[in-house]
Structures are given as structure tokens and as C-alpha cells.
Protein chains: 2
Amino acid sequence: MRARVEQDAKGRRQVVEACLEPCAIEKGMRIIGGKWTGSILWHLKDGPVRFNDLSRMIGGASKKMITERLRQLESQGLVRREVLDTAPVSVQYEITDFGATALGFLNELRLWSEGLPQSMVRDE
Amino acid sequence: MRARVEQDAKGRRQVVEACLEPCAIEKGMRIIGGKWTGSILWHLKDGPVRFNDLSRMIGGASKKMITERLRQLESQGLVRREVLDTAPVSVQYEITDFGATALGFLNELRLWSEGLPQSMVRDE
DNA sequence: CAGAATCCAACCGGATACTG
DNA sequence: CAGTATCCGGTTGGATTCTG
């Protein structure tokens, strides 16, 4: 449901169907748009990955961040956490079927992003 | 270019092809993943919209935010700003051809987001 | 290995008031 | 109308240290 602007009989402009609070785009972004969230999900697409491997894959993110985002993704049902009884203990993270439904979008974003002009590469 | 984990001849695990700093997913997110950014772009998809209309469409965002994001989108070439010489002055924002290349995955995000279970609707 | 705990500066972003 | 300016509390997220 999108917002629209129309004119009434007297020519006054007004917004019809205002986006009632966060529209779909915004809601989605709040779920997978968080810092590192998309990357984490993406790196799980080929199968389970262990914590430290994951944090190495995602250069620039601290373990603290990885943990926080993983917990969030887990509580939302996008990712599953599994403890393996090895010594020392190791933990696997795996994308769920539900989480996988976001991969299509992420892939499109990736393609778009890779085609971007150099000039847009974030300095930071 | 994705990161991969492999095992060497001695069975030790190691990360091959680590994501050199922000991978494509992350870079993309930094551009259109900002708060309100996606929504703004999306609401421009059907043609030029004026500032106040835009801010009404995007419920919950302050004018300050809208302005900041628009400036950012403009400097990145995703949006074009045009001042109309009316009285009082009015300003139009329009998506550029380049900006429009992002509409594809924004739409996917929208579809994904709309299909989400109620339980995931952010309380905030 | 896989975190949890703590600290803290930086930034974010809403509210409010003002302007040409 | 389309912003700008200022204030300011809250959150973010990196660095670092510690643990079972």
C-alpha cells in the first residue's frame, strides 16, 4: 500500500493513503538492514559456518557485533544455532528455510552493489 | 567474491578469500540501508514528489531526516533536486536513471517484507 | 573456541523553534 | 513551502579484558 498525493475539487493538494508508520520497505530494512546483518545471512547461504570462521569472513565486524546480530537473527527465526559437543566446544550457525527467503533480495542487492562506480566506494 | 573456509592437508581449517572489508552486500546496505533511505527512494518511483508531500508520505520520519537523506541521495546521484519558481517556492525530488536501478531489489524487499508473519512486526 | 562483560566516545535522530 | 539551527538524550558499536 503506497502513499499517494491527489488534488481535491478546489485544487488543494493532499496526501491520500499515507504510509501508516514504517511502510514495507522500512520494516524489511529494520530486519535485514542492520549493520552486518545482511552480510552474516549471506555468508551462511552455502551451509553451516562456525562462529570464529564467520567473524573472520566478515572483515571489519567485531565479535561483539557478530554475536549481537546472530542472537537477533536467531530470535527472529532466520538463523539456527547449534552447539556441537567437541572439545573445545564449537558452535555452528545455519540459515533457516525462512531465512533463506531473504537470499533472493540479498543477491539482487549484491549484484547492484558490485556494479557500482568506483567513485561511490565508501572511504570510511 | 565470497569468503570460503577450507581445510588444508593437515586438516586445519582456514578462511580462504576473506571478505576484504565490507563485502558487496555491506557496501550496498550502506547506501540504501540507512534509516528512511529506501522508503524515500521507493516513494519517488512514480514521478517527482515535493518535499512536504514526501515527508507526509513517510510517516514517522522528521523533516530533518528527510532532508539529510535527500541530500545524501542527491550527492550520490540517486535523486535529483529541482526548484520550481512558484510562490512560495516549491521543490521537487525525482529519482534519476541511476537511482531507478535500485528499484528492482527494493521491490523484492517490499514483497518479502509484506509476507512476514505478524509476530515480526516491530513494536518500537 | 565461543562468547560475556565493561567502558565509553561518537553518532544518530527526535523535538522544537526559527527563517526567507 | 522548504527547509536550517540548536539542543540533547539515547543508542551504537569499537576496544579491551576476562571466562568456561
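Computed over heavy atoms, backbone and side chain alike; hydrogens, waters and symmetry mates excluded. Lettering of chains follows the sequences in order, A, B, ..., and the numbering in each one begins at 1.
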- Task: Between Val89(B) and Val89(A), just flag the one whose closest nucleotide in DNA chain D comes earlier from the 5' side.
- Result: Val89(B)

- Task: Mind calculating the distance between CD (Gln72(B)) and C1' (dC11(C)) to the nearest angstrom?
- Result: 14 Å

Check residues 57-68 of chain B and write down every donor-acceptor pair under 3.5 Å in which the side-chain atom is one partner and the other belongs to a residue at least two apart or another chain.
from, atom 1, to, atom 2, distance (Å)
Ser62(B), OG, Met65(B), N, 3.3
Thr67(B), OG1, Lys63(B), O, 2.8

- Examine dC1(C): is either OP1 or OP2 under 4.0 Å from a nitrogen or oxygen in the side chain of Tyr93(A)? Give yes or no. no

- Message: If we ignore hydrogens and angles and just use 3.5 Å, is the side chain of Thr96(A) paired with the main-chain N or O of Gly77(A) as donor and acceptor?
- Response: yes

- CD1 of Ile66(A) versus P of dC1(C): gap in Å, rounded? 15 Å

- Could you list the residues that satisfy side-chain hydrogen bond (donor to acceptor under 3.5 Å, both in side chains) with Arg69(A), not counting sequence neighbours? Gln72(A)

- Between Arg80(A) and Ile95(A), what is the shortest heavy-atom contact and its length? NH2-O, 4.1 Å

- Drop me the distance from Phe105(A)'s CZ to Arg110(A)'s CZ, to the nearest 0.5 angstrom. 13.0 Å

- Starting at CD of Glu68(A) and ending at P of dA2(C), how long is that distance when rounded to a whole Å? 18 Å

- Rounded to whole Å, the CD-P distance (Glu74(A) to dG3(C)) equals 9 Å

- In short, Ile40(B) meets Leu73(B) closest at the heavy-atom pair CG2-CD1, 3.9 Å

- Task: Give the cluster check for Leu116(A) versus Leu111(A): same hydrophobic cluster or not, with ILVMFWY residues linked at side-chain heavy-atom distances below 4.5 Å.
- Result: no

- Item | Test side-chain hydrogen bond (donor to acceptor under 3.5 Å, both in side chains) applied to Thr101(B) - qualifying residues, sequence neighbours left out | Trp112(A)

- Evaluate the side-chain proximity of Asn107(B) to Trp42(B): yes if any heavy-atom separation is below 4.5 Å, no if none is. yes

- Message: Tell me the interatomic distance from Lys63(A), atom NZ, to dA2(C), atom P, rounded to whole angstroms.
- Response: 8 Å

- Message: The criterion is side-chain hydrogen bond (donor to acceptor under 3.5 Å, both in side chains); which residues satisfy it with Ser39(B), sequence neighbours excluded?
- Response: Glu26(A)

- Message: Expected output is a numbered-order residue list: members of residues 81-88 of chain A with a heavy atom under 4.0 Å from any atom of DNA chain C. What is it?
- Response: Arg81(A), Pro88(A)

- Quantify the bending of the helix from dC1(C)-dG20(D) to dG20(C)-dC1(D) as the angle between its end axes, each fitted on five pairs, to 10°. 50°

- Message: Once rounded to the nearest 0.5 Å, what's the spacing between atom CD1 of Ile32(B) and atom CG of Leu109(A)?
- Response: 5.0 Å

- CD/Glu94(A) to CG/Leu78(A) distance, rounded to the nearest 0.5 angstrom? 13.5 Å

- Roughly, in whole Å, what's the span from CG in Leu70(A) to P in dG3(C)? 8 Å

If you restrict it to nitrogen or oxygen atoms, what contacts under 3.5 Å exist between nucleotides 14-18 of chain C and the protein, and what is each distance?
from, atom 1, to, atom 2, distance (Å)
dG14(C), OP1, Lys35(B), NZ, 3.3
dG14(C), OP2, Ser62(B), OG, 3.4
dG14(C), O6, Lys64(B), NZ, 2.3

- Note on the structure: Contacts of Val91(A) meeting side chain to side chain contact (heavy atoms under 4.5 Å, CB included) (sequence neighbours excluded), chain-then-number -> Arg81(A), Val83(A), Tyr93(A)

- Item | Nucleotide interval of DNA chain D bounded by contacts with chain B (heavy-atom cut-off, under 4.0 Å) | dC1(D) to dC7(D)

- Query: Mind checking what makes side-chain hydrogen bond (donor to acceptor under 3.5 Å, both in side chains) contact with Thr86(B), not counting sequence neighbours?
  - Reply: Ser90(B)

- Task: Take atom CZ of Arg69(B) and atom C1' of dC11(C), then tell me their distance rounded to the nearest Å.
- Result: 11 Å

- Check the distance between dA5(C)'s C1' and Arg71(A)'s CZ and give it to me in whole angstrom. 14 Å

